[in-house]
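What you see is a predicted model, and the numbers here were worked out from it, not measured in a lab. In the text below, chain A, chain B and the rest are named by the order of the sequence lines, each starting its count at 1.
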Protein chains: 2
Amino acid sequence: MQNASNGTRAGTRPDDQHGSSRTGRAVSREVLADHVYAELLASLMDGRLAPGAVVSIDGTARELDVSPTPVREALARLEHTGMVRRVALKGYRVAPVFTREDFAELMEARLAIEPVNARLACERTNQHGLAELEQAVEDLKSAPRGPSFAEFKDYLEADERFHQLIARQTGNQFMEAAYSALGGQVQRFRLFGGVGITDAEYAIAEHQAVLDAVSTGDPDKAAAAMADHIRKVRSRAIADAPES
Amino acid sequence: MQNASNGTRAGTRPDDQHGSSRTGRAVSREVLADHVYAELLASLMDGRLAPGAVVSIDGTARELDVSPTPVREALARLEHTGMVRRVALKGYRVAPVFTREDFAELMEARLAIEPVNARLACERTNQHGLAELEQAVEDLKSAPRGPSFAEFKDYLEADERFHQLIARQTGNQFMEAAYSALGGQVQRFRLFGGVGITDAEYAIAEHQAVLDAVSTGDPDKAAAAMADHIRKVRSRAIADAPES
DNA sequence: GAACGTGGCATCCTATAGGATCTGAACATG
DNA sequence: CATGTTCAGATCCTATAGGATGCCACGTTC
């Protein structure tokens with residue numbers, strides 16, 4: 001995300017599960033709230049926190065062995081992403097499940113934003129950016145796609161990374177912010193109905209088409225390829241999703 | 001300010017009145033963090049907090065007469081809007097001033113999103129939504145436009161409200177979220193260079209054109225009118241802005 | 001048997017204390 | 001004079017304590 005100044009990786013994992021060293025934290029350049037944020041985000045993305053589940057501040061604090069204060073700060077940030085909702089004096093809970101209407105709205109929004117991103121990225125990307133995109137597509141191709149979540153987790157990560165990179169390479173911080181406002185939801189929708197990865201071959205080809213257009217330097221083609229990809233994702237998801 | 005009008009329906013507690021005025025808020029369905037958030041947001045919008053200024057957690061807490069904990073939570077929320085930035089172990093500061101590049105990027109993003117919003121709003125708005133839009137345009141026409149900030153504050157508020165309403169009436173929560181990701185920045189840019197309101201007549205006419213198109217139910221025309229408005233705002237701002 | 005009041009428990013919310021870190025200025029030294 | 005060091009104040013960060021609130025089960029009454 002916008003954490004640009006983190007030039008040096010911390011290297012040392014500050015603590016883990018039962019570190020229990022209250023004051024033994026190393027010289028980490030991060031604060032506990034960042035860790036809690038990352039941990040909660042991972043739990044949300046992984047589906048370990050089901051939609052609608054309550055996220056207790058004290059409980060999360062106990063589980064991560066920190067005080068409630070950093071948990072509160074992390075949840076305040078997450079609330080603004082729409083992934084958790086807060087009710088005053090009642091606490092936080094994970095946003096409810098996606099309905100078909102939510103899904104249609106999300107696809108409509110992606111269709112409005114992402115083709116523009118593809119066009120701008122095509123006009124402004126550089127050698128390094130292209131390499132990153134190619135890497136993402138390669139990871140998409142090589143990622144395992146088993147039935148359980150742990151087995152297609154990397155696939156989802158590469159998928160999300162591709163779109164995130166497109167947004168970033170627009171060189172427009174606001175387009176990137178607008179996509180990020182959707183990004184978390186895009187991830188969440190991928191668990192829509194719990195269907196696994198059934199369309200990898202098609203999706204990979206569509207990502208490749210976007211990448212080819214960007215590499216060629218054809219903005220119109222890049223935008224069209226992205227729009228085509230999103231429309232097809234929508235069609236396939238509607239075909240696959242349970243009626244519910 | 002948090003001492004405001006506490007008197008309603010707290011009288012049935014004969015005891016614990018010996019405590020000092022510290023514990024005066026009880027009936028509010030809001031929590032302190034919400035108050036702090038609103039207060040900070042107002043300060044940012046009003047320009048009382050200049051770009052680049054540090055926002056001390058302890059200092060803000062003292063100023064608002066609350067503890068640092070709610071201030072920390074409010075700032076964590078604000079950080080995600082891009083209006084303040086945080087550096088670990090150094091604190092928060094207001095986002096830096098808009099450069100010409102930032103302004104160009106913001107306008108590019110608005111051109112990508114807002115015409116789509118206008119089109120969707122045109123297709124889906126109802127009688128009540130139209131009335132709200134008309135009210136916003138009326139307020140825009142009647143708002144004072146003096147040279148000092150306090151005198152054109154209402155004008156800016158009506159302007160922002162118009163665009164916000166358009167976003168909301170798309171009926172698409174994600175388009176609204178995407179615009180909101182820009183909304184705060186849109187407000188901030190209006191203080192770009194500190195020039196006052198010099199283009200009110202033109203801007204009002206353009207808003208009226210958008211409203212007319214939406215009222216008529218012509219989506220293409222609505223989108224075109226919105227795009228035209230944003231392009232003209234960009235042109236006028238570039239003409240007016242100091243060279244920085 | 002059902003509606004209503006009541007008490008306990010979990011959780012949220014805020015305040016406060018203290019350790020950790022940064023910043024800036026005074027001071028010493030080459 | 002320039003540069004590095006030290007120290008003190010301010011600030012951030014986290015933990016803990018206690019009041020306030022909501023939820024839920026239990027018992028009472030009609």
Side-chain angles (χ1 to χ4, degrees), chain A residues 5 8 10 12 14-15 19-40 52-79 84-94, chain B residues 1-3 6 9-10 12-13 15-40 52-79 84-94:
Chain A
S5 65
T8 65
T12 64
D15 58 66
S20 75
S21 62
R22 291 299 166 76
T23 62
R25 211 163 27 260
V27 289
S28 69
R29 186 54 65 175
E30 282 180 345
V31 291
L32 278 183
D34 296 332
H35 271 272
V36 176
Y37 183 87
E39 200 67 32
L40 285 174
V54 298
V55 184
S56 162
I57 294 175
D58 291 346
T60 304
R62 281 193 300 270
E63 188 174 343
L64 298 180
D65 193 28
V66 296
S67 80
T69 307
V71 176
R72 180 174 294 278
E73 186 172 333
L75 282 170
R77 292 187 221 168
L78 272 175
E79 184 198 0
V84 300
R85 296 177 193 281
R86 182 182 73 98
V87 178
L89 303 178
K90 283 187 58 179
Y92 292 86
R93 52 177 58 229
V94 183
Chain B
M1 57 199 68
Q2 69 277 17
N3 288 333
N6 180 14
R9 75 151 270 191
T12 62
R13 291 296 181 198
D15 57 14
D16 70 15
Q17 195 56 271
H18 66 289
S20 65
S21 62
R22 213 50 83 72
T23 64
R25 58 212 169 280
V27 293
S28 71
R29 186 55 58 175
E30 284 181 344
V31 291
L32 252 54
D34 296 332
H35 271 275
V36 176
Y37 182 87
E39 201 67 31
L40 285 174
V54 298
V55 183
S56 162
I57 294 175
D58 290 346
T60 305
R62 282 192 300 269
E63 188 174 343
L64 298 179
D65 193 28
V66 297
S67 80
T69 307
V71 175
R72 180 174 293 276
E73 184 172 335
L75 282 171
R77 291 187 222 169
L78 273 174
E79 183 199 1
V84 301
R85 297 177 192 279
R86 181 181 74 98
V87 178
L89 302 178
K90 283 188 59 178
Y92 292 86
R93 52 178 56 229
V94 183

Checklist line | Spacing between B:His35 atom NE2 and C:dC13 atom P, to the nearest angstrom | finding: 14 Å
Item checked: Counterpart residues, side-chain contact (heavy atoms from CB on, under 4.5 Å), relative to A:Thr69 (two or more places apart) -> A:Ser67, B:Arg72
Next item on the list: For D:dA15, take OP1 and OP2 only and decide whether either is under 4.0 Å from a side-chain N or O of A:Ser67.
Entry: yes
Margin query: Please compare A:Lys90 and A:Glu73 by the position of their nearest nucleotide in DNA chain D and report the one closer to 5'.
Written below: A:Glu73
Check: Side-chain N or O of A:Arg62 less than 4.0 angstrom from OP1 or OP2 on C:dA10?
Finding: no
Notebook entry, point to check: Can you tell me how far P of C:dA15 sits from CD1 of B:Ile57, to the nearest Å?
Noted result: 15 Å
Sort me out a list of protein N/O and nucleotides 8-10 of chain D N/O pairs below 3.5 Å, or just none if empty.
none

Notebook entry, point to check: Once you round to the nearest 0.5 Å, how far does CD of B:Glu73 lie from CZ of B:Arg77?
Noted result: 5.0 Å
Next item on the list: Using the test side-chain contact (heavy atoms from CB on, under 4.5 Å), find all partners of A:Thr60 that sit at least two apart in sequence or belong to another chain.
Entry: A:Leu40, A:Val55, A:Leu64, A:Val71
Item checked: Side chain of B:Val31 - closest among C:dC12, D:dT14, C:dC13 -> C:dC13
Note to self: List the residues meeting side chain to side chain donor-acceptor pair (under 3.5 Å) with A:Arg86, not counting sequence neighbours, and say none if there are none.
What the structure shows: B:Asp34
Notebook entry, point to check: Out of D:dT11, D:dT16, C:dC13, which nucleotide sits closest to the side chain of A:Arg72?
Noted result: C:dC13
Check: How about B:Val54 and B:Tyr92: do any of their side-chain heavy atoms sit closer than 4.5 Å?
Finding: no
Margin query: If I take atom CG in residue A:Asp58 and atom C1' in nucleotide D:dT14, what distance separates them, rounded to the nearest angstrom?
Written below: 15 Å
Checklist line | Nearest non-hydrogen partners of A:Ala76 and B:Ala76, listed with the distance | finding: CB-CB, 4.1 Å
Margin query: In whole Å, I'd like the distance from the CG atom of A:Asp65 to the P atom of D:dT14.
Written below: 13 Å
Notebook entry, point to check: Between C:dC12 atom C1' and A:Arg93 atom CZ, what is the distance in whole Å?
Noted result: 14 Å
Item checked: Any B:Ser56 side-chain N or O less than 4.0 Å from OP1/OP2 of D:dC12 -> yes
Item checked: Candidates D:dC12, C:dC13, D:dT14 - which lies nearest the side chain of A:Thr69 -> D:dT14
Check: From D:dA15, C:dC12, C:dA15, pick the nucleotide closest to the side chain of A:Leu32?
Finding: D:dA15
Next item on the list: Return the value, rounded to whole Å, for the distance between atom CZ of B:Arg86 and atom C1' of C:dC22.
Entry: 15 Å
Item checked: A:Arg85: side-chain contact (heavy atoms from CB on, under 4.5 Å) partners, not counting sequence neighbours -> A:Ala95, A:Pro96
